[in-house]
Student: 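Take a look at this one; I'll ask things after.
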Number of protein chains: 2
Amino acid sequence: MATLKGAALVGQSGGPTAAINATLAGVIRGAFEEKDCITKLYGMRNGIEGFLGERTIDLTEFFSDASGNLDENKLEMLSHTPAAGLGSCRKKLPDPDADPAFFEKLIALFKKYDIRYFFYIGGNDSMDTVAKLTKYLKTTDYEMCAVGVPKTIDNDLAATDHAPGYGSAAKYIASTMQEIIRDCAVYTIPAVTIVEVMGRDAGWLTASAALPRIINGTAPDYIYLPEVPFNTEDFIRDVRAALDKHPNVVIAASEGIRFADGRYVGESSQSGAADVFGHKYLGGTGNTLESIVKDAFGCKVRAIELNLPQRCAAHLQSAADIEESKGVGRSAVRFAAEGASGVMATIQRVPGDVYQVAFEPMEIAGIANQVRDVPRNYINEAGNNVTDECLEYIKPLIQGETEPMFKDGLPVHLVL
Amino acid sequence: MATLKGAALVGQSGGPTAAINATLAGVIRGAFEEKDCITKLYGMRNGIEGFLGERTIDLTEFFSDASGNLDENKLEMLSHTPAAGLGSCRKKLPDPDADPAFFEKLIALFKKYDIRYFFYIGGNDSMDTVAKLTKYLKTTDYEMCAVGVPKTIDNDLAATDHAPGYGSAAKYIASTMQEIIRDCAVYTIPAVTIVEVMGRDAGWLTASAALPRIINGTAPDYIYLPEVPFNTEDFIRDVRAALDKHPNVVIAASEGIRFADGRYVGESSQSGAADVFGHKYLGGTGNTLESIVKDAFGCKVRAIELNLPQRCAAHLQSAADIEESKGVGRSAVRFAAEGASGVMATIQRVPGDVYQVAFEPMEIAGIANQVRDVPRNYINEAGNNVTDECLEYIKPLIQGETEPMFKDGLPVHLVL
């Protein structure tokens with residue numbers, strides 16, 4: 001495709017991460033660098049849903065300083081702001097064949113704003129959006145480039161070595177596990193602490209809880225991932241073995257662990273139980289495991305759900321992740337300026353002893369339908385921990401600390 | 001009392017904090033400075049309970065470098081390590097009048113190790129230990145100094161302007177609230193997020209969730225403290241008013257909020273409800289409020305319990321808190337070396353426009369029986385938020401960031 005000239009549109013979609021704004025910062029930098037073809041960069045508020053309501057922000061204007069140059073200070077502040085600065089949505093686009101009218105409306109809006117570049121930052125659903133738009137574009141004569149930019153703390157996107165946002169979440173989880181392990185070590189009475197980590201389908205986040213093991217020897221006793229069917233008897237046997245060794249047992253479990261029959265462990269404590277208001281008790285994985293341990297051992301048990309901070313703790317970003325998140329956003333713009341469309345900008349690990357990455361465009365069709373689980377060889381034979389090989393894969397992604405700005409004792413965030 | 005010469009003994013007791021090891025570091029520095037009277041510093045493992053079993057560590061040796069000087073590097077590492085490095089216990093000492101034999105045994109152990117100085121770092125129960133030992137010492141002719149050193153994230157200790165450990169917890173809570181508020185702002189559908197903060201009796205920790213308001217204008221919609229009786233109808237009215245204004249409502253509530261009849265709100269969802277194992281569902285305050293909102297509005301609701309990270313997130317310490325925590329530990333040793341006994345080292349705020357503190361010894365008898373609540377004038381009239389005056393009191397305590405060491409992407413902790 002010949003290089004197009006016109007405006008660009010960028011959106012964020014799906015769940016927030018601590019790095020998704022760094023990727024947006026990369027797209028913004030890219031747009032400033034490619035002014036020959038990108039005349040202006042619009043941000044969609046709340047993703048494609050907001051754009052359909054024409055809710056946009058002129059990012060070129062917002063990030064220009066008095067001389068019209070890129071305001072580096074604002075961009076840096078954006079990189080340390082958690083959660084989607086442009087807002088997000090969870091809209092699934094229809095199939096172009098089934099509902100061409102939807103896409104006709106979209107194209108009409110693109111024409112109205114002279115949009116020739118479309119960048120969508122997100123996970124599988126967002127890549128599905130880019131893939132569907134790409135499919136429709138082939139049936140029209142409106143020329144534009146659509147490029148997907150990955151992010152997901154879950155790290156389950158295909159075609160990329162890892163997903164921007166995962167490294168920061170992994171660093172937060174591993175650091176917090178270390179702190180919880182120290183906290184739990186102060187008493188001498190037997191106690192089991194169960195830490196529930198995000199990850200409905202893939203266990204990458206929970207695996208990161210074991211990272212301290214290869215760095216300084218600290219580690220949870222067990223790691224339970226969705227990739228391995230959960231067995232209550234095996235679990236009780238594991239806990240007994242750990243309690244025989246030391247009084248403070250710490251366990252990390254994915255919210256998404258399932259029994260062999262496919263039922264989520266976290267669902268099992270819902271059945272029958274209801275609170276005083278008659279609501280079903282949404283037990284959660286940690287609470288269910290807490291009940292199992294209490295029942296089997298009668299000892300002190302505590303379930304901790306790491307919850308939202310896993311994906312929004314921007315005060316403890318991984319410098320490697322933030323650099324790559326910026327890089328992948330910037331590369332997406334470069335690929336588009338070079339004429340690529342229907343691709344996702346990916347991170348590829350360069351083979352060799354020293355960790356190094358390259359950003360490469362990959363055909364987007366099909367990416368959305370794949371899920372990248374933790375492979376079996378990254379999990380130990382007993383299915384209750386991850387291997388050192390798994391941790392060596394994750395380790396480079398948490399390296400380095402960023403320097404978020406603070407004002408009066410609190411991190412400074414940029415509100416768009 | 002004439003200056004005594006002999007060994008010193010230091011212990012940590014009660015719940016962990018992110019700053020209690022900084023206080024220990026202060027005591028260690030103090031002991032190295034007062035070598036004229038302190039011949040050696042022992043640490044009790046797991047507090048007084050461990051000492052009764054003669055489980056000690058020679059801290060003078062552990063923290064000496066090759067030339068016998070204080071190893072500054074190790075001490076700094078200790079200051080950034082969360083949770084009681086020496087271990088903790090929850091032992092309540094008997095009254096000396098009722099059980100003098102207990103204290104005779106203790107004194108015999110002190111004599112065996114030539115202990116002339118006793119430092120106990122902790123909250124109310126630990127100050128009770130020091131007070132009882134002080135009372136008993138008056139009935140014997142064994143000469144020694146007993147000094148209490150405060151710590152509690154709850155900030156409810158009397159006689160001190162604030163307690164070491166509170167500032168770091170407040171900084172973590174306020175920073176995390178900011179991040180959660182940003183995370184919740186990305187979607188446009190009405191949603192209520194309830195953040196449950198520690199504090200069984202005093203609302204200081206929950207109050208700190210409102211800090212961003214006076215710093216950058218970000219704030220939870222409401223703050224509910226244990227100091228104000230909780231009323232379900234008022235709460236529903238509050239939430240409705242907030243939902244009328246904006247879609248993303250964020251609330252911070254103390255785990256210890258109670259109804260007017262004294263029942264904990266978090267207990268109310270226990271009655272009747274049980275999981276599949278027949279265990280009573282320990283609802284928790286956040287989950288109960290979640291049920292109330294779901295029932296009243298049917299909108300998306302999420303309860304987040306900040307849990308242990310509130311007290312052990314040493315990666316985000318307050319520099320002011322860590323400096324003061326060290327200072328109060330060091331001052332405790334100085335007070336003892338100057339002959340003080342039966343006192344707690346306190347932090348006093350020096351009157352004036354610029355925040356400044358002084359460390360002063362205060363008579364320990366009676367301190368343990370007092371609880372310092374959030375005063376009524378720090379709470380708004382409606383009882384659903386804190387005043388700016390309250391936040392101005394807390395603000396100096398969260399100032400500045402420490403620089404914890406990192407190795408391979410994770411904070412470095414010192415294990416004693």
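All values below come from the heavy atoms of this structure, side chains included, with hydrogens, waters and symmetry mates left out. Chain naming here is simple, since letters A, B, ... match the order of the sequence lines and numbering starts at 1 in each. For clarity, every value in this text was computed on a predicted model and none was experimentally measured.
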Student: Under 4.5 Å, counting heavy-atom pairs only, tell me which of B:I180, B:I304, B:T218, B:I189 racks up the most with chain A.
Tutor: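 So the answer, after comparing B:I180, B:I304, B:T218, B:I189, is B:I304.
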Student: Measuring heavy-atom distances to chain B, does A:T81 have an atom under 4.5 Å in its side chain, in its backbone, in both, or in neither?
Tutor: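 Contact with chain B involves the side chain of A:T81 alone.
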Student: Below 4.5 Å from any heavy atom of chain A, which atoms of B:P411 appear? Answer side chain, backbone, both or neither.
Tutor: both
Student: Report which part of A:A313 has an atom under 4.5 Å of a heavy atom belonging to chain B: side chain, backbone, both, or neither.
Tutor: both
Student: Please identify, among A:G15, A:C312, A:P82, A:A84, the residue contributing the most non-hydrogen atom pairs under 4.5 Å to chain B.
Tutor: A:C312
Student: For A:N307, which atoms come within 4.5 Å of any heavy atom of chain B: side chain, backbone, both, or neither?
Tutor: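 The side chain, not the backbone.
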Student: Please look at A:P309 and chain B and tell me whether the side chain, the backbone, both or neither of the residue comes under 4.5 angstrom of a heavy atom of that chain.
Tutor: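 Contact with chain B is through the side chain of A:P309 alone.
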Student: Using non-hydrogen atoms and a 4.5 Å limit, figure out which bit of B:Q178 sits close to chain A: side chain, backbone, both or neither.
Tutor: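 Both parts, backbone and side chain.
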Student: Can you tell me how far apart CD (B:Q399) and CZ (A:F406) are? Round to the nearest 0.5 Å.
Tutor: 11.0 Å
Student: Under a 4.5 Å heavy-atom cut-off, does chain A meet the side chain of B:R302, its backbone, both or neither?
Tutor: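 Only the side chain of B:R302 comes within 4.5 Å of chain A.
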Student: Quick one: which of A:A83, A:S88, A:G87 has the most heavy-atom pairs under 4.5 Å with chain B, could you say?
Tutor: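 Between A:A83, A:S88, A:G87, the count favours A:S88.
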Student: Flag the pair B:R182 / A:V415 as yes when at least one side-chain heavy-atom distance between them is below 4.5 Å, and no otherwise.
Tutor: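 Side chain of B:R182 against side chain of A:V415, heavy atoms only: contact under 4.5 Å found.
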Student: Looking at every non-hydrogen atom in both residues, tell me the closest pair between B:P16 and A:Y187 and how far apart they are.
Tutor: CD-OH, 4.5 Å
Student: Under 4.5 Å from any heavy atom of chain A, what part of B:D408 do you find: side chain, backbone, both or neither?
Tutor: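 Both backbone and side chain.
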Student: Side chain from CB out, backbone as N, CA, C, O: work out which of these in A:L316 comes under 4.5 Å of a heavy atom of chain B, or both, or neither.
Tutor: side chain
Student: Which atoms of A:T176 are under 4.5 Å from chain B, going by heavy atoms: the side chain, the backbone, both sets, or neither?
Tutor: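 For A:T176, side-chain heavy atoms alone lie under 4.5 Å from chain B.
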Student: Shortest non-hydrogen contact from B:K407 to A:I215?
Tutor: NZ-O, 2.9 Å
Student: Can you say whether A:A303 sits under 4.5 Å from chain B via the side chain, the backbone, both, or neither, judging by heavy atoms?
Tutor: backbone
Student: List the atom of A:L308, the atom of B:C184, and the distance in Å for their closest heavy-atom pair.
Tutor: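 Closest heavy-atom pair between A:L308 and B:C184: CD1-SG, 4.3 Å.
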Student: Could you tell me how the ring of B:H315 sits relative to the ring of A:H315: parallel (under 30°), tilted (30 to 60°) or perpendicular (over 60°)?
Tutor: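 The rings of B:H315 and A:H315 lie parallel, inter-plane angle below 30°.
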Student: If you round to the nearest 0.5 Å, how far is CG of B:D183 from OG1 of A:T17?
Tutor: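 A:T17 OG1 to B:D183 CG: 9.5 Å, rounded to 0.5 Å.
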Student: With a 4.5 Å cut-off on heavy-atom pairs, point out which of A:K395, A:R311, A:E305, A:E49 contacts chain B the most.
Tutor: A:R311
Student: Of the backbone (N, CA, C, O) and the side chain (C-beta and beyond), which part of B:A314 lies under 4.5 Å from a heavy atom of chain A, both, or neither?
Tutor: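 Contact with chain A is through both the backbone and side chain of B:A314.
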Student: When rounded to the nearest 0.5 angstrom, what is the spacing between CG in A:L410 and CG in B:L211?
Tutor: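 It comes to 6.5 Å.
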Student: For the backbone of A:G409 and the side chain of B:K171, can you confirm whether one donor and one acceptor N or O come within less than 3.5 Å of each other?
Tutor: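 Yes: the side chain of B:K171 pairs with the backbone of A:G409.
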Student: Measure the CD-CD distance between B:E403 and A:E401 for me, rounded to the nearest 0.5 Å.
Tutor: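 Separation between the atoms: 11.0 Å.
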Student: Answer yes or no: is there a side-chain heavy-atom contact under 4.5 Å between A:V412 and B:N216?
Tutor: no
Student: Is the shortest heavy-atom distance from the side chain of B:R55 to the side chain of A:T188 under 4.5 Å?
Tutor: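 They are in contact (side-chain heavy atoms under 4.5 Å apart), so the answer is yes.
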